[in-house]
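Only one structure is covered here, and it is reproduced in the block below.
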Amino acid sequence: MIESSPLLAIAIPLVGGALIVVTGARRNLREAVTLVTAGCLLAAVAALVPAALKGPSPTIEVLHVLPEIPLAFHVEPLGMIYALIASGLWILNSIYSIGYMRGNRESHQTRFYLCFALSIASVMGIAFSANMLTLFICYETLSLVTYPLVTHKAPKPAAVRAGRTYLGILVSASVLLMLPAMVGTWMYTGSLDFVHGGVFGEALADGSVPPWLFGFIFFLFMYGIAKAALMPFHRWLPAAMVAPTPVSALLHAVAVVKAGVFSVCKISTYLIGVDKLAEFGQGGWLLYAAGISVVAASFIALFQDNLKRRLAYSTVSQLSYITMGAAMLNPLGMMAAAMHIAAHAFGKITLFFAAGSIYTAAHKTKVSELDGIGRRMPFTMGAFTIGCLSMIGLPPTAGFISKWMLLGAAWTTEQYFAVGVLIVSTLLNAAYFLPIIHRAFFRAPPPPSAASDESSTAAGVPHGEAPWPIVVAVTGTAACAATVFFYPSVFADLAFALMRGMPT
Amino acid sequence: MEGLGLFNYWIAVAIMMVGFYGVIAKRNLVKQAISLGLFQTGVFLFYITMSVYRAPDGTPGRAPVWEAILDGFTKDPGPYDNPLPHVLMLTAIVVGVSTLSVALAIIMNIKRLYGTVEADEISEIEEAIEHREEMMSR
Amino acid sequence: MDALTPHLPVLLVLTPLFGGLLAALMPRRGPAPWIWSALVTGFEVLLGLSMVKLVRQSPQETITYFIGWWPAEYGIAYEIDALNAYVILVVALLAFVSTIYAKSSVEDEIPKDRHNFFYSIWLLAISGMVGICATADTFNIYVLLEISSLTVYTLIAMGKYRDRRALTASLKYLILGSIGATFILLGIGYLLMLTGTLNMADMHEQLMLMKAEGDLAGNRTILVGFTFITVGLGLKMAMWPLHLWLPNAYTFAPSAVSALVASTATKVGVYMAFRFIFTLFGSVYDSSATLALMAFCGTLGIIVSSIRAAQATNVKKILAYSSVGQLGYIVVGFSMANESGVAASVIHILNHAVTKGAMFMACGAVVLRMGNADLKSFYGLGRRMPATMAAFTIGGLGLIGMPLTSGFISKFYLISGALHDGKWWLAMVVLAGSLISIIYVWRVLEVIYFKKPEKRAPVEEAPFTMLIAMWILASASVILGVDAELTGRLAEFAARVLIGGAT
């Protein structure tokens, strides 16, 4: 058997992408290639778990992008969590994509599957990056290869406009804030490697980097990572919702946004060093920024009638949970953040799958149109309910565990602002999710007459469940969300390994 | 009056400035080209005048090239002007002539294709073209 | 080859010089002049490569060649060190690639009976540019500068067969360029008066001596000389706001000429600036005020020209304005006068040449197929000329400075340079300016991939020679961005050589 390595995990989707182009004309073969690639990738990633549990593995250097900074990869627990959920959900998402893209007769499907494979390759690059430059390169590549997915319905002005917002915000923030922060780190410390406790120790100790500058660099990093959607850099996420639902589901609930919060956690842990931040009294503001972002986004979500937009704002708020976990500046908070990366992924992808399922079967996009839909699409709406529970943080779902850990971390370290935010936002989550479930199951479907003045395919015509691949995928992810509640060991072990490695 | 003692430099600068003024202010392309030549000539004079040498006893320097060659570089030629700037200017004059000829060739072509050598009329024509292109691209 | 090795520096200049003269004697019609030029420039690349190899054998030394064996004080010396060996190789490579590219474009844009003259002037221009890089004699710089400039004016004026505005653009360039060259000549005159020599290293030594004796304090001659040279160089390398000649000249020149000139001519100007500011005046003359002014001009140039590029509707003009902006990066880089900053400039000479060369070439292919480079002609070309547009896209990403393209490497060095001196504001302003490049690149890309073509008529992909040339440059842009080990080290070394003279 071939030894698995991070390089293999990056190479598999790249090769898959090449094969997708080659087989592009024959769609059954092309989609089989996608599925096989996704399966291989999960196997390759899963084989790395034992190495990750031992802490950062030796670094593999590939190319010298800059004379002294190579493109380098390693395996460590945090990246493992991210790689595991991304590669695992890619399989389900591919099944779902097949149903969705065929069901809605979308165009340019080869480009779609190709860009998807490339995005996953970038995600693997981000997850296994061993220095900041590698992370930055893969991060920018991810923005670029997801652009054609966001503008999938391209000649439509709405898609083009959304693409501008998407790329504009992501690239501007990373170029204007993250790049100088990275170069600054390189100039002041002479290293961009990801190591426990960060690279600033020496420079801070001998005074060559004053604490304010250290704090400033941290600030630049945190806002430079616009993918973490910390307000006010969140606008790209609702804009990206014009993309086909599989894109919103895997990329804008899992891969891309998690790239953001993953970078937040990774940079705080391995480049900046949360202990250094705490020691020098920097970075405390992040807790408040993230907290405000959590509450504000939840509040905006309350008033969104478009289902996908409501989910998008929910994502903004959930991402800030993770940032908040990192902002507690202690190992416990970081562990909770890592756990929430996994927990939120399963819940949110379920919700998006369900939204896409409703669109495919019933062509409905608004919350207000969903009256009684639960009776026609029981599987979809059942999965949707589990997703909602996970978002609110109720058992028996993954969301409960991570929220519990977040709350625990906040209590233990006496950060009562975070406790307050968690409580308020849980109430708000419930306030915008439960009405949807109520509508779907407990309200009567609209009488046919009400729908007659709408478009011909609308509610008037009876519809059943979505195509079977969609149903398989949506129930699959919902099952995952529930399974993680009962068997959290893989992710919890990794999160714990992360915490254990951190200097306190 | 130290400033006046350098009057040869003042003249070179004056010629240069006349040329420079012409390049900027004249709206006729041929006149601009001539002014450009004048401007360069000012610089040539500047170089030539810099080569002048006067011995400490007041004897003006000469250019004893022929004499030196005729008597086989044996005798002391006495005070002589620096030959280097002269040589340089020979080259520079060639460059100046070439510049002027290229300029005139281009101006001839402009006359053929625009029907005028007045800068104002040319820019009017070009503005009209640009305006039309912008209309087309809307 | 071994017998030629000692003569390499001068052969670099003579090869295209005589090659150009011979090209004029070739048959007027047919491909002979093109084949000849490709051979000559190809040979030039070989010479450049062996030059670099020679320099790498003993990187600390300079290879000096005395023309006619006259010592440097009397005759003309050519000096090659790590920096100019590198620049010469860049110029030679781009000249070669542009020559390959030129075939179809010249056949389309230049009358059939003028090809021999076109390639003759083309080679002479290359000879002048290589010469500027090789020579160590200030007056020789002036002469070679005029050789390259006069030929480039002519080449640009040949755009008249497609658009008569090429003539006025060329004349404008001629007038401003000659003023610039004359300023440089004047400045050299002042230095000659002060030092009595024309050789750069010699001049530097004399000035150092004078400085040691305290003769330089308050000396106005050196001030005036320095000022004239700086302004002249500013005109030649199109430093904002002395760039007025550039946009139209690049826009209306024949496509092949745009590609060659955009990727080499201004870069040679930058090289001259390096030599004058660092090698000649370094540590003799306190140029910090001038450098600060240059940093200011460069920054403003980046922002203002990028905005102009974002407004233009002709893609060639967009690229031309973008060139002025990109030159701003080079200027900002060396105005920092620290190692990373100068290295950024040096490396951006290559990176921008490659990127912009590829883009102008793609643009020229569109001119060939569609008749013009209006934004409208680009509608929907993503499906009709996929290979050309892919090269254009890679070039565009390079301009923005996306990671894995060469532009990113330059940007990294540039910001390092700014932060080295703690100038966070400068880094931010430069990056903000670079964000505008996203706007103008994206405007074109959106049109290429999202718009429906205006006419239904099928459009052929660009000819093979064009594709080869533009893809050499586009892939070079990616390779230089993925692995900058070699170029980065070279640039750092060249920067140390230059700065070493300054402190």
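Keep in mind that what you see is a predicted model, and the values were worked out from it rather than measured.
- Per-residue counts of heavy-atom pairs under 4.5 Å with chain B were compared for Thr154(C), Ile147(C), Leu192(C); the largest is that of Leu192(C).
- For Ile110(B), the parts lying under 4.5 angstrom from a heavy atom of chain C are both the backbone and the side chain.
- Distance check: Thr182(C) OG1 to Phe46(B) CZ gives 13.0 Å after rounding to the nearest 0.5 Å.
- Within a 6.0 Å radius of OH in Tyr21(B), no more than 12 heavy atoms belonging to other residues, nucleotides or ligands are found.
- Using a 4.0 Å cut-off between a side-chain N of Lys or Arg and a carboxylate O of Asp or Glu, Arg165(C) and Glu133(B) qualify as a salt bridge.
- Atom CD of Gln40(B) and atom CG of Leu186(C) lie 11.5 Å apart (nearest 0.5 Å).
- Among the candidates Ile107(B), Leu113(B), Leu88(B), Asn109(B), the residue making the largest number of heavy-atom pairs closer than 4.5 Å to chain C is Leu88(B).
- Rounded to the nearest 0.5 Å, atoms NZ (Lys172(C)) and CD1 (Ile106(B)) are 14.0 Å apart.
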Q.
Apply side-chain contact (heavy atoms from CB on, under 4.5 Å) to residues Thr168(C) and Leu29(B) and explain how you reach the verdict.
A. CA-CA 10 Å; Thr168(C) 44; Leu29(B) 296 183; 5.7 Å; no
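- Two residues are said to be in side-chain contact when any heavy atoms from C-beta on lie closer than 4.5 Å; Arg164(C) and Ile129(B) meet this criterion.
- Using a 4.5 Å cut-off between heavy atoms, Ile179(C) touches chain B through backbone and side chain atoms alike.
- Of the two parts of Val23(B), only the side chain, counted from C-beta on, holds a non-hydrogen atom closer than 4.5 Å to a non-hydrogen atom of chain C.
- Residues from residues 89-100 of chain B that place a non-hydrogen atom less than 4.5 Å from a non-hydrogen atom of chain C comprise Met89(B), Thr91(B), Ala92(B), Val95(B), Ser98(B), Thr99(B), given in numerical order.
- Within the 4.5 angstrom heavy-atom criterion, only side-chain atoms of Phe20(B), from C-beta onward, approach chain C.
- Outside the 6.0 Å centre-distance limit, the rings of Tyr190(C) and Tyr47(B) are not counted as a close aromatic pair.
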